[in-house]
Asker: 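First, the structure itself, so that you have it in front of you.
Order of the sequence lines sets the chain letters (A, B, ...), proteins ahead of strands, with each chain counted from 1.
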Amino acid sequence: MSKTAEHAGLYGYLASFDLVDEFLVAATRVRDAGYTHWDAHSPFVIHGLDAAMGVKKTVLPYIVFVAGLTGAAVGILLQWWTNAVDYPFLISGKPLFSLPANIPIAFETTILFAAISALVGMLVLNRLPQLYHPLFANRSFKRATDDRFFISIEAVDPLFDPTTTRELLESISGRPIEEIEDQP
Amino acid sequence: MSSMNHHNGMAYWRSLDELEQTAEFREAVGREFPNDDWDRLPPATRRQFLKVMGASLALAGLTACRWPKEEIVPFAHRPEGRTPGVPQRFATSMEIDGVALGMLVTSFDGRPIKAEGNPLHPDSLGALSAVAQAEILQLYDPDRSRRLLLREGGQQYVKDWNEFESLAGGLFSGAGAAVLAGAFSSPTLGALRERFLTAHPEARWYEYEPISRDNEREGTRLVFGSMVRIHPHLGGAEVVACFDADPLFDHPAALRLVREFAAARNPESGTGGRLYVGESGFSLTGVRADHRVAVASSRVPALLAAVANSLVAEHGLELPAAAAGFAGATDHSATDDERHFVDLLAADLMTHRSRSVVLVGPRQAPAVHALAAVLNHALGATGSTITYTADPSPDRPSHLEAISDLARRIQDDEIETLLILGGNPAYDAPADLDFADLLAGVPVSIHLSLYDDETSKLCTWHLPASHSLESWGDGAAWDGTLSLRQPLIEPLYGGRSAIEVLAIAADDGPKSGYELVRESLSGRSGIPISGDFWRRALRDGVVGQSAWETVAPPTDPAGLASAVDGLRELLEVGRPTTEHPELVLVPDAKVFDGRFANNGWLQELPDAITKITWDNALLISPATARDIGVSDSEVASVEARGATLDLPVCVVPGMARNCAAVALGYGRAAAGQVGNGVGVDTYRFRTTAAPGILSGVAIRGTGRSYELATTQDHFAIDTIGFSERNLRVADLVRETSLDAYLENPEIIHEQEHHPPLISLWKDHEYEGEQWGMAIDLNACIGCNACIVACQAENNIPVVGRQQVLNQREMQWIRLDRYFKTAPGVTPDEVDDAEIVFQPMTCVQCENAPCEQVCPVAATQHTTDGLNAMVYNRCIGTRYCSNNCPYKVRRFNFFNYHKDLADTTKMQFNPDVTVRSRGVMEKCTFCVQRIEAVRIAARNDNRPIADGEIMPACAQTCPAEAITFGNLNDRSSDVSRSREEHRSYAALAELNIRPRTHYLARVNNPVDGMPSSVEGAGDHGKESG
Amino acid sequence: MNEDKSNDIFIFPRWTGILRPAIAAGALGGALYATVIVAFGFSPWATDVGYAPVQPVPYSHALHVGQLGMDCRYCHNTVEHTAAAAIPPTQTCMNCHKSVRAASERLIPVFESYSTGMPVQWIRVHDLPDFVYFNHSAHVRRGVGCVSCHGRIDTMEVVTQVKPLSMSWCLDCHRNPERHLRPVEFITELDWVPDDDQLVLGRRLRETKNINPPQDCNTCHR
Amino acid sequence: MSATTTEPLSYLDNTGDDPTVRARLVVGDNDFHAVTNKVCGIVESPQPRLWWVAFAISSSLTLVLLAMIAYLVTTGIGVWGLMIPVGWGYAIVNFVFWVGIGHAGTLISAILFLLRQRWRTSINRFAEGMTIFAVVCAGVFPGIHVGRVWFAYWLAPIPNQMSMWPNFRSPLLWDVFAVGTYATVSLLFWYMGMIPDLAALRDRAKTKIRYYAYGLLALGWRSSNRHWHRFEFAYLLLAALATPLVLSVHSVVSFDFAVSIMPGWHTTIFPPYFVAGAIFSGFAMVVTLVIPVRRIYGLQEIITKRHLENMAKIMLATGTMVGFAYSTEFFIAWYSGNTYEAFTFMNRAFGPYAWAYWTMVTCNVLVPQVFWMKRFRTNTILLWIASVLINVGMWFERFVIVVSSLSRDYLPTSWGYYRPSIVDILTFVGSFGLFFTLFLLFVRFLPIVGMAEVKGVMPQAHLDRPGHRGHGDYHGDITGTEVLS
């Protein structure tokens, strides 16, 4: 809709907090206010914040599970095809293909695939790396990795309204609300 | 397929300078024997692939280049009957100490690469000793002399043959000319000697060999009035008594004797001859003795006399009247072991009259030989277990007399011109003659020799000799059979043979060896030298029916009388004591009298008993070592006959009390890069008076130690290891007594106790040919011939003393030697022991532990059951070797072929890959021979006959101890020997199913019932 | 309390947003690249196919075999009996060239060799590593024609390597020999084509002559 | 803040044994910012002289390592002391030694994470770093110990013109895959955990280069909780994957021996025995490194005595397990009735290599027993000495297993005695150079303590102020009113 056009050049508002519990309460407020394009920033994981924000459970585990299965399959098939099909050779009178001897490598490939998918999956789902972000332009936001907690509401949020949103944030944060502009 | 570029084998038919100079030659050799080039420069395909990989990884395109281009140089005119790349075999012979040994030499595109025995030759029967096989390496020795040298006034001038010829004419006329030759049996040389002496009547002729059987010869003269040559026959012998004698190894006919002995000892088919040995230190014959007593060499006469005495006194043997005195000579100081030995032996000899033989070693005095001859005569051995032929050169003085006489004449300045044909008197003449100094004083001395050696350096002239594989010649086998010698290659270094040089000296003009041999052959009465005859003789290498007539000489009372006196004197000698021990000088089993000192194969060959390589050492028994106060690997200072030498001590059981032995032939100063300074020159101890047995020497420890490079750990070992080793030997090397075996053939399996050998998975079905091997420990005498055969066949490198010290020797066959001692004996109680041998090489397990651990499948099983080792696939993790329970795999820790001379590389077998560094290798059952036969058989659609494939080791084994063949063919020799009761597999309990089985050793002691055969047990007590 | 006092603030430019697509592209490209390299490893270019060195004598197989119709075995006479298909001695050339083209200066190296006894130094074209032991007789006697490995020599002015001669190439044939088997009488006929299907013929020959090429390591490596 | 304590100067000691009192994991007057300052300070302020000295030494030792490798590759394996029968010597001993060291890192970061051992947070980054460097050192040896290094790529299943494949039945190949996977996964785990802290360094950057360098590594992390959510999950999954992995790696390494038929190698006890030993040596190495570091960089309040004591307790446990394994080996050797096995162990204890065996027993079994005494667990000097001794002992354990078993196997005629060459020794020493070089660089440029995790376990993170529900995780079922009331 046209809202975005109105707030051209504006990324959103940023409220900051000093204490964990204020922060949690604020999060619940914003959540209850029905905002969707907003985020909370903290220097470390705060248990309960997911619920407070109403974040949905990630699909990452399923990705990793599938990757793991793939790894196992690759491991077994590789060993079976190379040693028993493509170029079978007689080794110590042992069978060409016997699971016990092939488990260690299958296991390792399973782990390898799963582990890589876990990191890559996390980054992809998080849209990282993303070196540029409007928030980085804000000096005080630098403390998001240090000792301060922030809530940012984006201008693209359907409910975003310069005044009401600002009021909401002011009401929950003792501090002045900062405008984050979005350079073209 | 490298055989293509072997066409340029022809290059080697050219002369020395071309060998030396042409770059093509070097290239050719380099290409032909790519030591490890091919792993730095792998074949085009892989290399380019790699390059591009690497380059592209660096994200840079790079054009690949082809690896060095190869040339093919075919003959301009291909010789008749010559197919490029197909090896040919020629019969020829070599001569050691005046006895010709027949061999078949394989020549690959003009390069002799391997020497094997000549089946038609009576002294070879297809087998060949380690030393004779190593001749091949000597042929290509880069240290061999390449030019004629004239040394004058401290200057050294290079000459050529023409100059020598032009000069030689005048040299020998008039008095003061003399020739010093080695012992020889060549009719041609004999004829030339006559020609020389007729041409120069005043010239003198001497023959000298440091090692000889002159005493035996002299002994027979004492008994029979004329010298005769003794030919033992062990085939039918029930009792063989050896006194300081080693018929199975150091006898000129040893190969034949071993064959006969092994056959006789076969418990199934043999006569089971019983072997008695009284000797000062372990000989290979002593190792196989059923009853052995260790006595000082100086006491051997007494031992034999005691036997004679007992025979006459207790068993009523009748000696010739004149010899009766022998029996009178009794020895009261005999030990219990000696008495026990004498009683058993005397009784046995008597019960087996005419089926027994008494042999005495060359080191013993003539009188002892005389006694033996008398006993053999009295026991009726003559004609059955022993035969005689007339001595070929009865009027020849003994070698010691000859060299002494020559020395005296030189001293009296009677010698103007001395021509030395071969030999190395400056090094090996008796020390008391100071021959070296004398030689330097001879106005004109000419030395014909393979090397510019100690003697050459003291002579005015040095002439390069041609190698026996480079020259025409002939010789007589021990039994007189005429053996021809033909060259397999033009002289690499422009040398000439003794006959060619002597022809010049005899003013017979320069003649080719070919002409000379044909002349003498036609000169021999009764043999028409027709084309046929000549061709056949050349093909066979021997002239049939040319052996000497046997004779049955009557005894000679006068001689016997003096022999008796001689013996009585010998009996006066007291036993050696700790203060005045006895030292025995023995010819070396490898470098012999020193002539093979520059031969890497032989230097690195582990001595059968001590396993020492690259050294000679002072051998003494543990007890003696304790008494004298020296320890293993300690340097002892030995003083004898005015000389004092520092010798490393090797403590070895089985030496007689207070008796030490040391090998001759080491400490060469001018042998070549390989042999120089290896070991100690013990000729300095050797005098005309006491050439072999030196009593009253002084041995003192110096406290310094010297590590001997052995291929097995020294006898000195910690108690745990020692006792464990004793426990294991019984199971690894199984043996029993004949009596026990005949009573219960399964006896050797009774000591097996392991669970049934079942595998976890379905066993693989092996169809078609399945190669297997059986090694008969009852036949093996540990002569090392197989090791050298393997080394020659498979391009196995010589690694040198330091690497042997690092336990990195490369020989594929390890001749395991175990000392067996009575149970419960601790290392420092042992003095005597029984020795057993077990040739150990890859046993080609069906469930090979090495295969499953190789990450790149460089070693895997073939359909014919071989445990293939793929050198070019190996990346060298060494895991296979770790997991090999027999530890028979060898690793190329360095590039051992890097510094080889081009000529040495010419010996390589082109059908076997030369291994690079970082690659594992091992016995392959000579797979190249298997494949060759297989392809040939398939080409003309016939099955492979049993015995058609012969691994190098089996081919050369004089005892025929190694059987190879197809296990799936129930009728093959190997299958049958597998079914024998004696057959067992080493480490069978590991269920790895070795393809090589062993046949247990069966001893034949008197009353060998199980109770009394602790084997080592009573040995331990004897002379303990 | 602890504000950042430094007044300049760093920030990555917007365009760094391409980083993610870039990485994705890189990953794909890498995979593609690897496959290309491996493929290259097998390509003729990496296997010396087309190697045609200049020989000391411009001997033309096209002329001698193609036009004059000489049999391979006239010169390479050991091929049926030994490992090597021997390069002929100069003698063989002279059998004809004593009279034919006895003056041609292109043949001077041959004449020289004949008179001096020094060999003509040919350049090896089909060159296997020295740890590979190939036996001509074993193949030819079973009915593997010259053409299978050497190509249409009879059309070559200069002998050229036409097959990779790599291990996998050898194995292909050892695993499925029927593709290359022919009656032994035709082994040297480079242009021979079977009347019926090669596979049918091959299987029959393999059956009747009991041809089972070994694939053991030491068939070729010793 | 209320978490601030006013205790006597001995406040650094949080090693109380009263289970009712939950020991604090960060002591002293520290808020979030203080933690950030302490940790980032190490990277931001110039390094002490000691660092430069250490770096000079270790980097020159690394050069020694490189020189030795060059010599080896150009000359041949013969420059080592190896021979037949002992085909594996220092190279493999060092390999097993280093791989073992690595295990502590993964164990601390993964297994303790799954076990909710929150004290791990201040040392896990550090330990993971050590893991990576140890694995790097370990990786060097299998690479260079093959006879023809230039063909080592045949170990990888790359399609090739020989149409050959590696032999997947060989334990050595299992090893390649196991160690490869282990190195990769450890690296991922380490890096991922570091992302938020790299972001912290980025945000404190005073210079352009620092900002862009750390910014690039931080991948644009902006502490978004939506990111944290997936981050936590990924971390949990990696931990869950790394746990079986770390157990498998040393098991597979032990297969190199256990799958063979050599007496002294061919035993089923090896996998657990090796893993216990690995953890044992790993913790010893962590302690050896952490004690000087916390002293030099003043991290006593974050890496507290409690942490050291816990690690000492783990060493006591694993050390005892190892000791038990030693005795079990002997028992089985005797009980199995396998004479070869029996001899191998008698030979270990009383044969030519007895000196090595008893060194091993002393360092690995006797030394850790001192940790029964609290004094040895808490006195950093004694603790450090003990850890060093344990490292020595663990190296000898591998030496005894590899060398003494090989030197005397089945046939007495092939017995031998292995002596390392000078090249062997210098290569080994050089590998320490490589290890410490990497470690010092790590200290110099990367956050050696997981700040984000440490903050997560600090009291301030848990609303545990008076008047609220007791200490513990906050469960997010909260409404604003409830909090305000």
Side-chain angles (χ1 to χ4, degrees), chain A residues 9 11 14 16-19 43 67 70 74 78 81-93 96 113 116-117 119-150 174-176 178 180-184, chain C residues 1-35 38-39 41-42 47 129 131-133 164-177 179 212-222:
Chain A
Y11 169 76
L14 183 68
S16 65
F17 307 82
D18 273 333
L19 295 178
T70 322
V74 168
L78 175 72
W81 187 75
T82 54
N83 277 186
V85 179
D86 183 47
Y87 197 157
F89 33 63
L90 188 53
I91 294 287
S92 307
L96 291 175
F113 279 55
I116 291 175
S117 71
L119 176 65
V120 175
M122 185 273 282
L123 292 175
V124 171
L125 293 173
N126 283 348
R127 304 253 185 308
L128 292 176
Q130 182 182 8
L131 300 183
Y132 169 82
H133 193 280
L135 284 170
F136 292 144
N138 180 295
R139 187 178 301 277
S140 64
F141 183 73
K142 289 188 176 302
R143 291 178 61 182
T145 54
D146 180 2
D147 60 353
R148 194 168 286 178
F149 311 93
F150 297 89
R175 283 224 185 62
E178 302 190 61
I180 308 294
E181 67 280 2
D182 191 358
Q183 299 102 333
Chain C
M1 40 198 180
N2 37 33
E3 277 296 339
D4 186 343
K5 291 285 164 291
S6 66
N7 40 20
D8 57 340
I9 177 158
F10 314 115
I11 186 164
F12 281 94
R14 248 175 187 289
W15 59 259
T16 51
I18 63 156
L19 189 57
R20 246 176 302 143
I23 292 175
L28 285 175
L32 195 68
Y33 178 73
T35 20
V38 172
F42 292 94
T47 57
F131 50 73
V132 176
Y133 292 88
L165 306 186
S166 69
M167 178 168 161
S168 52
W169 177 80
C170 296
L171 278 167
D172 289 343
C173 185
H174 271 237
R175 286 168 177 160
N176 316 308
R179 298 214 196 104
N212 307 306
Q215 291 169 46
D216 296 328
C217 304
N218 54 26
T219 308
C220 310
H221 306 298
R222 293 156 206 169

Asker: Nearest 0.5 Å please: distance from the CG atom of Asp216(C) over to the CG atom of Leu90(A).
Answerer: 9.0 Å
Asker: How close do Ile11(C) and Tyr132(A) get, counting heavy atoms only, and between which atoms?
Answerer: CD1-CE1, 3.9 Å
Asker: Check side-chain contact (heavy atoms from CB on, under 4.5 Å) between Ala84(A) and all other residues, then give those that pass, not counting sequence neighbours.
Answerer: Trp80(A), Leu96(A), Phe97(A)
Asker: Is the CZ atom of Arg175(A) crowded by more than 12 outside heavy atoms at less than 6.0 Å?
Answerer: yes
Asker: Relative to chain C, which segment of Tyr87(A) carries a heavy atom at a distance below 4.5 Å: side chain, backbone, both, or neither?
Answerer: both
Asker: Among residues at least two apart in sequence or on other chains, which ones pass side-chain contact (heavy atoms from CB on, under 4.5 Å) with Leu128(A)?
Answerer: Leu123(A), Asn126(A), Gln130(A), Trp221(D), His227(D)
Asker: Lys142(A) and Phe10(C): which non-hydrogen atoms are nearest, and at how many Å?
Answerer: NZ-O, 4.4 Å
Asker: Arg179(C): what forms a salt bridge (charged side-chain N to carboxylate O under 4.0 Å, His left out) with it, not counting sequence neighbours?
Answerer: none
Asker: Would you give the length of the straight line joining atom CZ of Arg14(C) to atom CG of Asp182(A), rounded to the nearest 0.5 angstrom?
Answerer: 5.0 Å
Asker: Who in residues 15-28 of chain C is close to chain A, using a strict under-4.5 Å heavy-atom cut-off?
Answerer: Thr16(C), Leu19(C), Arg20(C), Ile23(C)
